[in-house]
Protein chains: 2
Amino acid sequence: MKPFKVGLLGLGTVGTGVVRIVEGHQDDMKRQIGSSIEIEKILVQSKNKDRDIHIEPHKITDDPWDVIEDDNIDIIIEVMGGVELTKKYILAALEQGKHVITANKDLMAQHGHEILVKAEEYGCDVFYEASVAGGIPILRTIEEGLSSDRITKIMGIVNGTTNYILSKMSLEGASYEEVLEEAQKLGYAEADPTSDVGGFDAAYKMTILGTLGFHTYVSVEDVEIKGISEVSSDDIQYSSHLGYEIKLLGIAERQDDYIYLSVQPTLVKKSHPLANVNGVFNAVYVYGEAVGETMFYGPGAGEMPTATSVVADLIAVAKNSMLKVNGSRARTSSYKEKKLKPLNQVVYKNFIRLYVADKAGVLAQITQVFTKYEVSLESVVQQPNPELSAAEIIIVTHDANKESMGQVLKDFKEMDVIHEIKSVYRVEG
Amino acid sequence: MKPFKVGLLGLGTVGTGVVRIVEGHQDDMKRQIGSSIEIEKILVQSKNKDRDIHIEPHKITDDPWDVIEDDNIDIIIEVMGGVELTKKYILAALEQGKHVITANKDLMAQHGHEILVKAEEYGCDVFYEASVAGGIPILRTIEEGLSSDRITKIMGIVNGTTNYILSKMSLEGASYEEVLEEAQKLGYAEADPTSDVGGFDAAYKMTILGTLGFHTYVSVEDVEIKGISEVSSDDIQYSSHLGYEIKLLGIAERQDDYIYLSVQPTLVKKSHPLANVNGVFNAVYVYGEAVGETMFYGPGAGEMPTATSVVADLIAVAKNSMLKVNGSRARTSSYKEKKLKPLNQVVYKNFIRLYVADKAGVLAQITQVFTKYEVSLESVVQQPNPELSAAEIIIVTHDANKESMGQVLKDFKEMDVIHEIKSVYRVEG
């Protein structure tokens, strides 16, 4: 059998892992697909850079078109990152009849539809398992393992950096700033951490999960996003007393055909499987009408875990080629029209922490506001905060719709007895 | 498009769930496979039984050959259970060119090889996702999601009954007998619970997982089995003090090409993801050389979860039919020769609880035995047990090979100062 020839765009962390697995697991792959896989050409930024792995010099190029237009190459693996230029390369590769595997969440979240339509047109495969939750085969699980079910909720810890920070804050009582600095030193957070701590990275991943789970093209603009930079150790402590951990959860939910997606710090009951996912690990919890609760846990990033997903895609493309059924997975035409849930139908519990004047009657005034907008309360704790010569009130509501909650908070802002609305978080489980 | 015609063997709990999903999710399935799925005939034990669902009478038969030999039927779903007769039916169906989906772990663990060879011969699909861990798509995950990796260890909580019993004993401090009785009343345990509590059900499932994960035909006879009936609330309490939960774990491990499989009560560190899997839930932890730790969690049984897996298989068969690639999954010829690990290479930590004479020098005698066989100890706790006018010793060893541990226990049995070897369990994590 003729070997499959692969062109690699990018030789950073993940690209290096891909080369290691492809070279190290030849026998295992041959057993599965009956043929070997060879990396034919690799696009790099600088040809003369020192590398951890040996690559024959003639395979290295700094011209993307050397790879994309090489007639020997059957499959392009894109692990270079970036959006606009990368999209151009991928579309060009598809037009040449090359199958594409990408680990690029930004690209797939923003231009997935266009890429999949192009793939369909040219009879090519596009796989992107590594774009969400690194080593966890969650896209395949949603598309195939749970294909018979109606998924109504996907909740994901899909950003390792923020989960590391929140876990560490919870375990050690440290402040956000301290832990972020430590995470930056350890390489778990970027020098500019905005994409992670701001929730944007998670939002791209939830866009992809929502699209696959609900069979409609979700855009990142549909995702309500709130990062973790305002989560304080006080929030974590109070939540813990109430029996919750705070996690940055991406949530995609569906009711009938109406969807709502958000990424926000969320209180999760300690007995919930997501509450015990710590450090840089990722987990995706999927609720299906028939199957009920499932959760998929594993490493969300890293050279070898991410490369595992890329090479699993490579094996899938190679199997499809052996069976001559490439391009059969994309079903862009069968997707449904997108319908977003109106805010008065987005319903969940809330955790609210307020600094209020320490005098009689304040609690009554506050609870009246909840009553006015028909939000009922699960628990209320009031305690003095001597440092601030104020009182602190911690409230957990019952299920309340977002519109009503918005009105409650608007009223709160105009009340003299409320000095500050410290925190408002979603509560799950 | 001509609809796919399905014959159902069995209309118990899972069969009923399959009918519900197939009938309820027609639109979703049509969107995925471009065609509808119809249940054409159903084999039942008694035609006149009252049922929770309405079935048109002409579809019901009590003659299996009415289903197996019906030329209109493309796909047989077997959810009747049993081994010898069922195997006969399935082989006959394959010989008629019908694809087969089964939820039957006993059958696939014992005769999987023969069935898959027959399927290959006749170009048919055989899928059996529901046979292990109900609603968790673990077989697909091992075969596809982790196809690029070398799996070295699979640890599963794959029996809901025993996990319910052990979780309840741990949470409530109740005795094994009390909880078993309660589980029987609730329908979580059978009147004759041997298959579950004896570890046999889990062993069949580990046989299937080991076969898929290690690409070699594992037999249930290769699995060392120890059930949970001797686990006492004392064991659970002592383990808890040491930071462990006791779970009935199926473990399949591989070193180079040598494998070892067991099902036994195992101490799992409380911080390990498996330790927090409670009640009737199942979870399968998979360790791959490249991906590292992953875990897949969900309902291990029940009408709708199990039916979800069966119907996901149905959609997979239908997709293969559309693409005309049925029978392409079985790769019986590529499996490797089975090599079992010799016992002196099976290495793990042990928890040992002894009743010993309460006098000077006993601990020294005991530790000498460990030294003799080169087993080193992680922790030793000795305490008086006034009820027995004896002392109790709890030992956790470092990693020790099974052969040496066997010799230690053999020597213990001959020592007068040791009244009883109360418990010996594997320790993980």
Side-chain angles (χ1 to χ4, degrees), chain A residues 17 20-22 24-25 28-29 31-32 34 129 134-138 140-141 144-150 215 271 273 276-278 281 283 285-286 288-299 302 304-305 307-316 319 322-325 328 331 334 336, chain B residues 17 20-22 24-25 28-29 31-32 34 129 134-138 140-141 144-150 215 271 273 276-278 281 283 285-286 288-299 302 304-305 307-316 319 322-325 328 331 334 336:
Chain A
R20 280 192 223 274
I21 297 184
V22 168
H25 291 196
D28 287 329
M29 292 193 297
R31 187 182 45 69
Q32 292 182 67
E129 185 63 75
I136 311 173
I138 185 64
R140 216 161 243 118
T141 298
E144 295 170 20
L146 302 173
S147 59
S148 58
D149 203 359
R150 267 188 215 127
H215 312 289
S271 57
N276 298 304
V277 175
N278 289 315
F281 275 92
Y285 168 102
V286 180
E289 278 179 7
V291 75
E293 287 187 86
T294 58
M295 192 181 85
F296 308 92
Y297 167 94
M304 297 308 278
T308 302
S309 283
V310 170
V311 181
D313 279 351
L314 183 56
I315 291 172
K319 278 186 189 166
M322 304 299 289
L323 300 170
K324 302 193 184 5
V325 294
S328 60
R331 291 164 286 102
S334 70
K336 298 177 214 162
Chain B
R20 282 192 220 274
I21 297 184
V22 169
H25 291 196
D28 288 328
M29 292 193 298
R31 186 182 47 68
Q32 291 182 67
E129 185 63 74
I136 311 173
I138 186 64
R140 217 161 242 119
T141 298
E144 294 169 20
L146 302 174
S147 60
S148 59
D149 204 359
R150 269 189 213 124
H215 314 289
S271 56
N276 298 305
V277 175
N278 288 316
F281 276 91
Y285 168 102
V286 181
E289 279 179 6
V291 76
E293 287 186 85
T294 59
M295 192 181 85
F296 308 93
Y297 167 95
M304 297 310 277
T308 302
S309 283
V310 170
V311 182
D313 279 351
L314 183 56
I315 291 172
K319 278 185 189 168
M322 304 298 289
L323 299 170
K324 301 192 183 7
V325 294
S328 61
R331 291 164 285 99
S334 70
K336 299 176 215 162

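Every chain is numbered from 1, with letters handed out A, B, ... down the list of sequences.
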Student: If you count the non-hydrogen atoms of other residues, nucleotides and ligands that lie under 6.0 Å from NZ in B:K336, is the total more than 12?
Tutor: yes
Student: Keeping A:S148 on the side-chain end and B:T308 on the backbone end, is there a donor-acceptor pair under 3.5 Å?
Tutor: yes
Student: Specify which of B:A290, B:P137, B:G298 makes the most heavy-atom pairs with chain A at under 4.5 Å.
Tutor: B:A290
Student: Under a 4.5 Å heavy-atom cut-off, does chain B meet the side chain of A:F281, its backbone, both or neither?
Tutor: side chain
Student: Select, from B:S147, B:G24, B:G34, B:A283, the one with the greatest count of heavy-atom pairs under 4.5 Å involving chain A.
Tutor: B:S147
Student: Counting only heavy atoms closer than 4.5 Å, note whether A:E293 contacts chain B via side chain, backbone, both or neither.
Tutor: both
Student: Using 0.5 Å steps for rounding, measure from the CZ atom of A:R150 to the CD1 atom of B:I21.
Tutor: 10.0 Å
Student: Could you check A:M304 against B:V291 for side chain to side chain contact (heavy atoms under 4.5 Å, CB included), going step by step and ending with a plain yes or no?
Tutor: CA-CA 6 Å; A:M304 297 308 278; B:V291 76; over 6 Å; no
Student: So which residue, B:G288, B:A316, B:P273, B:G292, ends up with the most heavy-atom pairs under 4.5 Å with chain A?
Tutor: B:P273
Student: Quick one: pull up CZ in B:F296 and CD1 in A:I136 and give me the separation to the nearest 0.5 Å.
Tutor: 7.5 Å
Student: Quick one: what part of B:E129 sits under 4.5 Å from any heavy atom of chain A, side chain, backbone, both or neither?
Tutor: neither
Student: Does the side chain of A:R140 reach to within under 4.5 Å of the side chain of B:R140, using non-hydrogen atoms?
Tutor: no
Student: Which atoms of A:P299 come close to chain B, meaning under 4.5 Å heavy atom to heavy atom: side chain ones, backbone ones, both, or neither?
Tutor: both
Student: Working to the nearest 0.5 Å, report the span between OG1 of B:T141 and CD1 of A:I138.
Tutor: 8.5 Å
Student: Please state whether the side chain, the backbone, both or neither of A:L323 comes within less than 4.5 Å of a heavy atom of chain B.
Tutor: both
Student: Are any of the side-chain heavy atoms of B:D149 and A:H25 separated by less than 4.5 Å?
Tutor: yes
Student: Using non-hydrogen atoms only, which part of A:R20 is less than 4.5 Å away from chain B: side chain, backbone, both, or neither?
Tutor: neither
Student: Contact part of A:M295 toward chain B, heavy-atom cut-off under 4.5 Å: side chain, backbone, both or neither?
Tutor: both
Student: Under 4.5 Å, counting heavy-atom pairs only, tell me which of B:A312, B:G135, B:S271 racks up the most with chain A.
Tutor: B:A312
